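In what follows, every chain begins at residue 1, and chains take the letters A, B, ... in the order their sequences are listed. Note that the structure is predicted; figures quoted are calculated from it, not measured.
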Protein chains: 2
Amino acid sequence: MSILTENWEERLKEQGYRITKSRRTVLEVLEASPIRLTPEEIYRRARRRHRKLGLVTVYRTLALLEKLNLVQRVHTEAGCRSLTAVRLDKGHHHHLVCRTCGYVEEFPDCALGSVLRKLQARTGFAIESHHLEVVGRCPKCQ
Amino acid sequence: MSILTENWEERLKEQGYRITKSRRTVLEVLEASPIRLTPEEIYRRARRRHRKLGLVTVYRTLALLEKLNLVQRVHTEAGCRSLTAVRLDKGHHHHLVCRTCGYVEEFPDCALGSVLRKLQARTGFAIESHHLEVVGRCPKCQ
DNA sequence: CTATAACTGAAAATTTTTTTCAATAAGGAG
DNA sequence: CTCCTTATTGAAAAAAATTTTCAGTTATAG
């Protein structure tokens, strides 16, 4: 369990949300998975622990966990439906994703500071954020 | 018109595809738009020039143009449905996107070479590609 | 323990995308 | 230019993904 998700209950409570079996289960499923999962996959896995769980609740829970930055969407050319748990509480990080099995690894360093400053100067944009996704094959899938 | 899209007809023909009014119109709509567009938006604009065009054909055409790298998907937190024309034929490039109006600007320099080499060495991944999206507010929207 | 407001599941609705299939049209051969 | 083959198209239907509605349930503050 990561630094971040250790205190997920507090995070929810702080904002007035309740701690429920559905939320706990969805988060546990994502935490336990080294690979990215779609809402449907999360639903199937979560139902093994929580029989009455509905797919709708999975969607709602994912939206909440995403808003609280406990969970993130993984963007790839194949689609942007799957999600992964946020494991580092370092704030800024990106994803290294295996094209074959979906394994996701976080990495904190992107060294884009100076590139973005130049880009901002050149274009006149007020740059607010950026999103980097690195795709390859993990050691097992090579 | 960009270097790339100047010879889109040849590109299609090379691969055995035909040049049709639908394909021409969809590509023209995307080329003429400084902002990213969803399939639905492309359909609405394209129909002004090509009345009988069907939404299905827009989807099929976009899939083809994407495969041929004449068009690209723009990924943002708000969703990954919209597309933009590829304007530079420099090969590698990324997108700077306005959060407010959807204006898209390409930029070629990401300076990630050494970061990716280190990442590959550290993780054992065989890194194949990466995707960077920078979000901000364009000069007009600030 | 109780009250209350958040949360839930099921069903239905909506939105997005894909498939099917008969009709049409692009473009090479002649 | 005309014919022929085959890619392409539009419409309808189907499938897939996501969201809304609503009545019943449950977490938790007091």
Considering all heavy atoms of both residues, which atom of A:Ser33 and which atom of A:Ile35 are nearest to each other, and what is their separation?
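In this case the closest contact between A:Ser33 and A:Ile35 is OG-O, 2.6 Å.
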
5' to 3' on DNA chain D, which nucleotides open and close the contacts with chain A (atom under 4.0 Å from a heavy atom)?
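Boundary nucleotides touching chain A, in 5' to 3' order, are D:dA17 to D:dT28.
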
Measure [atom1]/[X] against [atom2]/[N] and give the value in whole Å, please.
{"X": "A:His50", "N": "C:dC7", "atom1": "NE2", "atom2": "P", "value": "14 Å"}
{"X": "B:Arg81", "N": "C:dT18", "atom1": "CZ", "atom2": "P", "value": "12 Å"}
{"X": "A:Glu9", "N": "C:dA6", "atom1": "CD", "atom2": "C1'", "value": "16 Å"}
{"X": "B:Leu64", "N": "C:dT18", "atom1": "CG", "atom2": "C1'", "value": "16 Å"}
{"X": "B:Gln15", "N": "C:dA26", "atom1": "CD", "atom2": "C1'", "value": "18 Å"}
{"X": "B:Arg73", "N": "C:dT17", "atom1": "CZ", "atom2": "P", "value": "7 Å"}
{"X": "A:Ile19", "N": "C:dC7", "atom1": "CD1", "atom2": "P", "value": "9 Å"}
{"X": "B:Leu53", "N": "C:dT24", "atom1": "CG", "atom2": "P", "value": "17 Å"}

Going by heavy atoms in the side chains, are [X] and [Y] under 4.5 Å from each other?
{"X": "B:Leu132", "Y": "A:Leu112", "answer": "yes"}
{"X": "A:Glu31", "Y": "A:Trp8", "answer": "no"}
{"X": "B:Ser82", "Y": "B:Leu37", "answer": "no"}
{"X": "A:Ile127", "Y": "A:Arg117", "answer": "no"}
{"X": "A:Arg49", "Y": "A:Lys21", "answer": "no"}

Give one of base, sugar-phosphate or nothing for A:Lys21, where a contact means two heavy atoms less than 4.0 Å apart.
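No contact at all - A:Lys21 keeps every heavy atom at 4.0 Å or more from the nucleic acid.
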
Categorize B:Arg60 for me: base, sugar-phosphate, or nothing, with a 4.0 angstrom heavy-atom threshold over every strand shown.
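Counting heavy atoms under 4.0 Å across all strands, the contact made by B:Arg60 includes a base.
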
Please collect all ring-ring contact (aromatic ring centres under 6.0 Å, His included) contacts where either partner lies in residues 25-81 of chain A, sequence neighbours excluded, each pair once.
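Listed once each, the pairs are A:His75-A:His131, A:His75-B:His75.
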
Whichever of B:Val56 and A:Thr20 has its nearest DNA chain D nucleotide further upstream toward 5'
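Between the two, 5'-proximity favours B:Val56.
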
Taking the nucleotide of DNA chain D with the nearest heavy atom to each, does B:Tyr43 or B:Tyr17 sit closer to the 5' end?
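Checking each residue's closest nucleotide, the 5'-ward one belongs to B:Tyr17.
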
